[in-house]
Structure formats: structure tokens, C-alpha cells
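The chains referred to below are lettered A, B, ... by the order of the sequence lines, with proteins before strands, and numbering in each begins at 1. Both backbone and side-chain heavy atoms feed into the values below; hydrogens, waters and symmetry mates do not.
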Protein chains: 2
Amino acid sequence: MAVDALETRELRYFVAVAEELHFGRAAERLGMAQPPLSRAIQQLERRLGVSLLVRNRRGVCLTGAGEVLLHEGRAALDAATAAARRTRRAGAADGPGGPRNRLVLAVKAAGSHELLQKLLHAYAAEPDAAEIEVLPCGICEQEELLRNGRADVALMHAPFNSLAGFDSEELLTEGQIAVLPAGHPLAARRTLSLAEVSDVPDLPLARWPRHGIFPPGPGPEIRDQTQLAQLIALGRTVAIIPDSARAWLWAEHTAVPLTDAPPVVTHIAWPAHSRSLALAGLIRTATQL
Amino acid sequence: MAVDALETRELRYFVAVAEELHFGRAAERLGMAQPPLSRAIQQLERRLGVSLLVRNRRGVCLTGAGEVLLHEGRAALDAATAAARRTRRAGAADGPGGPRNRLVLAVKAAGSHELLQKLLHAYAAEPDAAEIEVLPCGICEQEELLRNGRADVALMHAPFNSLAGFDSEELLTEGQIAVLPAGHPLAARRTLSLAEVSDVPDLPLARWPRHGIFPPGPGPEIRDQTQLAQLIALGRTVAIIPDSARAWLWAEHTAVPLTDAPPVVTHIAWPAHSRSLALAGLIRTATQL
DNA sequence: GCCCTGTCATACCCGGTAGGTATCACTGAG
DNA sequence: CTCAGTGATACCTACCGGGTATGACAGGGC
């Protein structure tokens, strides 16, 4: 077979074109001129013996093979950048004064704060524990951070995060609560059901992005915790969140347990091919909490 | 940051050197001369700002960062070749006469033959079923085939295969049997324990490779089923295998159930990032068997 | 109908760099 | 001391990745 592995450069170019569906914009994004980009994609198609794009009067669109290469190419690019980043970090570690390990732990900002505290404390007590760098990240970013090598391990929350492609261990299961403005009639209830909370005319359910896109609905689009807290306090929305988030509630908030919400399971997750001793130690500590 | 993704070429070079631990042999394997390879590795180290290899009098050895890059680089190279192969296959499919999907299913030769029969039969009856190419492979090769894109989906057998990094669904659980020469005293028993089978002086336990290497032990090294069958028939060895393998036993063999062997679970497994409709259909069929 | 605009492809040129050959520097073995 | 075998250096060539200028073609407005 003529070609075994595609060059990173080719993948970068193709992914740019496939995402923009426009050679000019893709070239601009790549910091190059359009003609060499056109030529590179042509060469790629020739090399693969496959047509990737359909060029029509107004821009381009993907063929079936193009769709496949877009997915697979993104994964391969992530793997290549992960290799660079993790090697860099490993090198920076074993440079001065012997191998000093360091792990980057991605956590959703303010998610399961108490668990994180306990984990860090318990792990620090281990003999030859690595240094842990906590990398706070937005909702659902952990998967991307693990894939592209910015993080080595993450605390994830099923069913919000997808554990596909990672190894993981369960740490904690908790129920969910509805967070309402303190003055609202429903705030007086002892418990609520999902149906009751989802269907309040004056309190549309807050929405946050799952893997980059917001689910449809009338409620406000939430980007960070403070935003959410404020909108609830103002009586504009209601949110369904894990029980442990009680920690950051304001006085103007009331939490009501939900009877039928799916439980949230916190996992510690890491790339399946990891072989780091430091990581193994952290996982062991976490599962023994 | 100066570098985001390493070039495939750099990874290929480094992996070759790291595996050979010798620039000359690595260059030969890569089909190039030694000096440009030396230079390429130096440039890579400079680009990453990290020392990857320790050059000493007799060959080279890896630093900590080098070990990391060897692991991560292999994964990235696999991803890049998988991208090429899967794109090729997708292109060959949607070329003549509309999108004609095709899935490559990796199975351990003669492993769970009956299950495979049923699966193929049931799937063929589905409306717009894709064409299934069955790729028979050696023991434990399925993981590699999925990772480097030669296969799209595989039948795996826990605990022999590792499901790490793949999505999977359980299909079948079965016990294990000891296969003995028909004339052997133990062949008269109704059941056996692992300890009894492992400790027969004149019948050392057959060994087969787990991820490329043979576990230590006195028994013969097995590479394929026929070899194994013959050695058992000749009274040279005993094997522990899943129950469904009774299908291929010879008249000179006797199967005795094991009371305490771990159960073997057959899974259907696929790369976690797969998004193919044809694959989804096959998985659905498999889980409904 | 015309031209003008916006798309991707082609033609041509230049410079960087990947790769080759020849050779050096070092070190351990005999 | 020499020799064999290691990786590093010096130097050259040729390829090819990238830039600029321009072409081919299709749609839309006047």
C-alpha cells in the first residue's frame, strides 16, 4: 500500500477546509494562501485515491469519505498534539533534580469540591506522590482536555460527560436537586419531580452546553456558575444540579430534592493507554477514599 | 506555544529509534541513511525543548520523556494510519453506485464461531445492511486492528482482550473447559479445578501470547489452533479454553469442565469515537441476539 | 445582454529543508 | 595501539511546500 500514515500537516489542512467548507477562509485560518491549500487537498485526494470534497459553484461540501476523514483526522490530530504536550511535560519534570512527576487533573469548576479536597489531601500523604496541578475547566471540557493532552486525568460526571474512549473508576453517586429562587411557591415543597420543575411557566429551565451545543428550550443559556446563581436569585430560571452543589448556593436560593432525577456519578477518568505510575497511584488513592 | 502537533514523519522516526535503540538499524528500517535520522531526532528534541534519548558509548537509551513519547507517539501513529485506511475504505464504498457501506469485523480465528454465524445471519436480514467483511486474526490481535484502522469492529473475549479505549457491549458469557488427551487419567474426571490442571507434571499447560509476549512457563508456545489441537492429541500438553471451543475438538481430545476458571465474556467492541450508522446497526443486531 | 463578484484551479517561481555522501570524534575490546 | 562500531558533523543537491499572478466558471444585479 502506497500510504500508511497521513502527515499531520495534511490532516490539519483537510480538517480546516472540512470545517470551514471554504478554501479561502480555511487558508486564512491556517495562515497561508489559498492556492497551495487547494493543491495540498488535491494531492491528498490523489494519495488516498478518494474524492473527499465536492466542489460546486458556491463553496464545497463533504463526501462520505470526507466525513470519515474529518472524524478520524480530528482524533489523529488530538493524539499528535497530546504526544507533544505530554512529552514536554515529562521532559520539564525530569529535567532539574531527578524525575519529578507532575499530573494535570481537569475538574469542572466548583464541581464536587469536597471530593476534590479529600482526594488531594489523601494523595498528598502518599509516599512519593506526584505534584498535582488542578486545571479548572468549563462544563464538559474534560474530555477534550484528556484527548489533546492538556490534562492527564479528570473528574467527570456521568451522565453529563461521556466516558467513551477513557478508562474510569466510579467515585461517588449523588442525587440531584432543583435550585429555585427562595421566594417561589415551589420552594416551599419538600420534594419535587422532574415533570413539575420542567413545566413551570414563569421559571424556564436553565440550559447549558453538552459538547459545545445548547439543547433547545425556552430557558436562558448558561456559561458559568455565577451567571446561573444570579439568574436564579433574580427569579428568572430554575436549575437541576447535583446534590453536592449545595455548597455554593446563595441565601436567595432554595434547594429542593428531586425524586426522579437520574443520579449523577462522579468518575475519575484517564486516557485508556496511560502507563504512568504516578497516575496509577492517584487512581488507587481515589478509589480508596 | 511553538509546537502544537508533531509531524507524523517525526513520530515515525522517533518510534523507530526508540524501538531499535540504535540509529543505524532504525535508519535501515526506515529506508534512509543514518545521518539525516540523527539530525531529525536532534531537531525534534530541540523543537520539544526536551531530551528524549541518552547517547552512550554502546547505542542509546530512553529518558523518561522518551518513554512517554514512545507510548503517545505509537497511539498517534495508529490514529493517523487508521484515518488513512478508514477514509480509503469509505471512498472505495461510495464510489460506484451510491454509498455502499462496508464494515470490517475482526474475529479471533474459530473463536465463538456459532455466535458469529448467528450474528452475520441476523444482520444480513436487516434492511439496508452493510456488507460485512470478516477479518480472521490471531489471538489478541483485535485491539491492534481496531486501533490502526484495519478493522471497524471486533468480537473480543474478556479477560483475554483488554477493552480499554473501546466502546463495547456484552454478548455472551461462558465457562471454560480443560482439553486433555483422551487417554489421560484426568480425562476420566467429571470436573477439574484450575490448580489440578496447572500442576500435572507430564502435561505442561499450553501458553499463548498476550499482547505479543508469551507468559513464562514450561508448556509449549502455541500460535494457532491446529498446533494446539495436535499437541494435545499427542499427549504433550493441556489447554484451558472457553466452552464454545468444544466445536473444534478431535476424537483424541476430552473436554472436562473447570469449576473455578474465570468466565469468558464475548463482547462486540469498536473505537469509541465511531459514528457510523452501519456500525450502529450491527451493534443493535448483536445485542438483540 | 452585460459586467462584476466570488469561487476554486492553474502556472510559475523561490527558498527551506529533507535526504544523501563523506568524514569526524569517541570509546571499548582485543 | 589499533580497530571496529557507535552517533555527530559538514556539505551538497533536489524536491516540494508555499507565495504571487492569473485563469475558468457560475450567479446575480443593472
In residues 11-30 of chain B, which residues come under 4.0 Å of DNA chain D by heavy atom?
->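 Only B/H22, B/F23, B/G24 qualify.
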
When we call it a touch if two heavy atoms are under 4.0 Å apart, what does [X] touch: a base, just sugar-phosphate, or nothing?
X     : value
B/R9  : sugar-phosphate
A/Q42 : sugar-phosphate
B/Q43 : sugar-phosphate

Do B/S38 and B/Q42 have side-chain atoms, one donor and one acceptor, less than 3.5 Å apart?
->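 The criterion, which ignores hydrogens and geometry beyond distance, is not satisfied for B/Q42 and B/S38.
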
For DNA chain C, write out the stems as range with range, using runs of 3 or more consecutive Watson-Crick or G-U pairs with both distances under 3.5 Å.
->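 So the stems come out as C:1-30 with D:1-30.
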
Rounded distance (nearest 0.5 Å) linking atom CZ of A/R88 with atom CG of B/L69 |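 Here the rounded value is 11.5 Å.
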
Spacing of OG1 belonging to B/T285 relative to CD1 belonging to B/I268, to within rounding of 0.5 Å |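 Between atom OG1 of B/T285 and atom CD1 of B/I268 there are 8.5 Å.
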
Output all residues satisfying side-chain hydrogen bond (donor to acceptor under 3.5 Å, both in side chains) with [X], sequence neighbours left out; order by chain, then residue number.
X      : answer
B/E143 : B/N161, B/H211
A/R9   : none
B/E72  : A/R86, A/H273
B/E133 : B/R102

For DNA chain D, note the earliest and the latest nucleotide, 5' to 3', having some atom under 4.0 Å of a heavy atom belonging to chain B.
->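 Range of nucleotides within reach of chain B: D/dT6 to D/dC11.
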
Partners of [X] by salt bridge (charged side-chain N to carboxylate O under 4.0 Å, His left out), sequence neighbours excluded?
X      : value
A/R12  : B/E7
B/E67  : none
A/R236 : none

With sequence neighbours excluded, give me every salt bridge (charged side-chain N to carboxylate O under 4.0 Å, His left out) pair touching residues 27-38 of chain B.
->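 Residue pairs passing salt bridge (charged side-chain N to carboxylate O under 4.0 Å, His left out), neighbours aside: B/E19-B/R29, B/E20-B/R29.
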
Electrostatic pair A/E10:A/R47 at N-O distance under 4.0 angstrom =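 Result for this pair is yes, salt bridge flagged.
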
Span of DNA chain C in contact with chain B (heavy atoms, under 4.0 Å) =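 Boundary nucleotides touching chain B, in 5' to 3' order, are C/dA18 to C/dG28.
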
Can you find a heavy atom in the side chain of A/R89 that is under 4.5 Å from one in the side chain of A/V104?
->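 They are in side-chain contact.
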
